[in-house]
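The chains referred to below are lettered A, B, ... by the order of the sequence lines, with proteins before strands, and numbering in each begins at 1.
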Amino acid sequence: MKLIEIAQRLGLKVEAGVDHLENEVRGGYAGDLLSCVMARAKTGDLWVTVQRHPNIVAVAVLVGLAGIVVTEGGNIEPATLERAEQEGIPILVSSASAFRVVGELWDLGIRGE
Amino acid sequence: MRSRGAGTRTQLTKLEELLRELRVEEVMTRRLVSVSGDFTMAQVKELLRKHRISGVPVLEGEALVGVVSIEDVTRALEQGEMGAKVRDRMSREVITVFADEPAVEAVKRFAHTKVGRLPVLDRGGKVVGILTPGDPVGRAFRVMDLRYREQEQQRWQQKGLGLEDLLGEGASLVLRFRVQGEDFAGAGKASVQAKRVLGRLGLDPGAVRRATIAAYEAEMNLIIHTRGGELTLEATPHSVVVEAVDKGPGIVDVEQALQPGFSTAPEWVCEMGFGAGMGLNNIQSCADEFEIESEVGRGTRVRAVVHLSQSGRKDRLNR
Ligand SMILES: Nc1ncnc2c1ncn2[C@@H]1O[C@H](COP(=O)(O)OP(=O)(O)OP(=O)(O)O)[C@@H](O)[C@H]1O
Ligand SMILES: [Mg+2]
């Protein structure tokens with residue numbers, strides 16, 4: 001499923017990377033410990049996290065993620081968004097908790113291990 | 001001499017093939033300058049000069065009714081008839097070519113008729129472009145050149161690492177980054193940069209992924225646990241070697257540091273999601289060879305080697 005469809009269905013706010021919403025989402029991973037994301041997320045996964053500092057963009061690039069969903073709303077640091085734009089990583093924001101976002105993704109057929 | 005003759009011959013055959021393959025519409029000029037029969041020859045002269053062309057089609061509405069060329073203008077000039085209408089001075093016998101015909105047909109028409117331009121028509125009879133004698137062959141050569149370059153690039157990519165061809169056997173490419181301690185703003189930049197460079201070299205993406213994830217963990221350890229150090233990635237035709245070196249504080253118990261979950265990261269760093277105690281383990285699982293050396297007060301050196309798959313070996317983490 002394309003990221004743009006997920007963004008629409010879940011009502012996510014696109015904060016960065018509008019030009020990359022055609023990215024195909026192959027699966028999902030949720031978690032806030034960066035080394036665990038590095039170890040377990042797969043290429044093409046959508047990553048659900050509360051982290052919002054610039055380093056999440058580096059993680060997304062290196063793992064080859066389709067995008068990042070930042071949960072629990074609020075503002076994202078401008079430095080994070082700037083870096084996401086530079087690297088072409090979509091950042092989508094939800095005001096819901098990770099629990100809820102993951103549940104909705106699962107309902108759409110997005111799976112993870 | 002002999003080999004050169006053969007080379008020219010194969011080029012000619014390729015050119016012929018290409019002229020058969022390309023359609024007229026792929027080699028013609030689309031931006032069409034045209035006049036109506038009401039133009040004066042003086043106006044035509046201006047138009048030809050302005051556009052640096054030697055002739056234009058004459059249209060009445062959408063229909064092609066003739067062609068007027070620089071020769072017609074010259075003749076009108078000699079006869080002092082520059083005020084004459086195009087309609088009375090143009091040639092009405094227009095040789096044309098269809099847009100969907102092979103380009104080679106246009107070449108033949110130029111050879112047999114000696115005209116200086118061929119208006120191009122669609123099957124509805126509408127003028128859609130114009131062709132001059134050099135267009136088909138010139139364009140075909142450009143296409144040949146383009147395809148040659150594409151093939152070159154593909155050959156490079158198929159070979160995997162092109163470094164051997166680029167630098168010669170035994171040479172390697174070294175990327176070296178200074179990493180500042182506690183520089184969370186720049187954190188991960190070196191590894192991301194390295195990924196971009198290695199990717200562009202056409203290396204196996206799975207191997208690049210593993211090498212740069214290892215580099216990232218080493219880079220983060222320099223930032224979190226040291227006052228800074230140096231991160232290098234060395235690409236050879238067979239491997240990528242990642243190395244991180246710092247001058248302290250060093251690790252008290254390396255065995256313990258390698259345990260999954262062991263971490264001395266301070267609380268404020270953990271809040272950012274670091275300090276899972278998984279970094280060194282990640283480096284190990286990404287690497288085909290792994291070494292760590294540390295001495296308290298002197299520093300730490302981490303080295304990880306990722307082999308490049310030569311025979312299409314299924315990459316372990318190429319998931
Ligand atoms: N270059 C280094 N200098 C000093 N100590 C280090 C260095 N690298 C690692 N360590 C020590 O080894 C421990 C384990 O490192 P590791 O990278 O596995 O986990 P971490 O950095 O604590 O957390 P994570 O990498 O999961 O964010 C660290 O907490 C730290 O005590
Ligand atoms: Mg670490």
Side-chain angles (χ1 to χ4, degrees), chain A residues 16-17 24-66 68-72 74 76-89 91 98 111-113, chain B residues 177 179 182-199 205-221 223-224 233 242 260-263 265 268-286 315-319:
Chain A
E24 188 68 30
V25 175
R26 290 204 246 152
Y29 180 86
D32 305 320
L33 293 173
L34 305 183
S35 285
C36 295
V37 184
M38 282 295 191
R40 305 209 42 192
K42 297 177 182 59
T43 303
D45 275 359
L46 183 59
W47 174 28
V48 180
T49 184
V50 291
Q51 299 294 354
R52 53 195 70 214
H53 54 78
N55 208 251
I56 61 175
V57 178
V59 170
V61 171
L62 294 167
V63 174
L65 296 170
I68 307 172
V69 179
V70 176
T71 57
E72 321 258 328
I76 311 256
E77 291 171 40
T80 305
L81 297 179
E82 197 179 308
R83 220 159 148 191
E85 291 295 353
Q86 273 166 17
E87 301 295 342
I89 298 293
I91 295 188
R111 294 288 179 268
E113 278 164 24
Chain B
F177 303 92
V179 180
E182 298 200 0
D183 174 22
F184 285 92
K189 271 198 177 143
S191 307
V192 168
Q193 185 71 22
K195 182 172 191 182
R196 186 158 31 229
V197 173
L198 297 182
V208 171
R209 187 178 187 273
R210 292 196 286 131
T212 52
I213 286 180
Y216 168 86
E217 295 291 4
E219 182 184 355
M220 289 318 306
N221 281 352
I223 290 169
I224 298 170
L233 288 93
V242 178
F262 176 84
S263 177
W268 68 277
V269 170
C270 292
E271 275 166 22
M272 296 169 76
F274 301 103
M278 290 303 298
L280 291 173
N281 298 93
N282 278 356
I283 299 177
Q284 274 180 294
S285 60
C286 283
D315 209 283
R316 277 184 294 135
L317 292 180
N318 190 6
R319 326 163 269 193

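With sequence neighbours excluded, the residues that form a salt bridge (Lys or Arg N to Asp or Glu O under 4.0 Å) with E87(A) are R196(B).
Residues of residues 50-61 of chain A lying within less than 4.5 angstrom of chain B, judged on heavy atoms, are Q51(A), H53(A), N55(A), A58(A), V59(A), V61(A) in numerical order.
Smallest separation of non-hydrogen atoms from K195(B) and L62(A): NZ-O, 3.2 Å. Nearest heavy atoms, N282(B) versus A39(A): OD1-CB, 3.0 Å.
With chain B as the partner, the residue from L34(A), D32(A), T80(A) showing the most heavy-atom pairs under 4.5 Å is L34(A).
Contact of the R83(A) side chain with the K189(B) side chain is registered, since non-hydrogen atoms from C-beta on lie closer than 4.5 Å. When side chains are defined from C-beta on, M278(B) does not count as touching L33(A), because their heavy atoms never get closer than 4.5 Å.
If you take OG on S35(A) and CD1 on I213(B), they are separated by 10.5 Å, rounding to the nearest 0.5 Å. N281(B) contributes atom CG, which lies 14.5 Å from atom CE of M38(A) (distance to the nearest 0.5 angstrom).
With a 4.5 angstrom heavy-atom cutoff, A215(B) does not touch chain A via any of its atoms.
Within 6.0 Å of CD in E113(A) there are 12 or fewer heavy atoms belonging to other residues, nucleotides or ligands. More than 12 heavy atoms of other shown residues, nucleotides or ligands fall within 6.0 angstrom of atom CD in E72(A).
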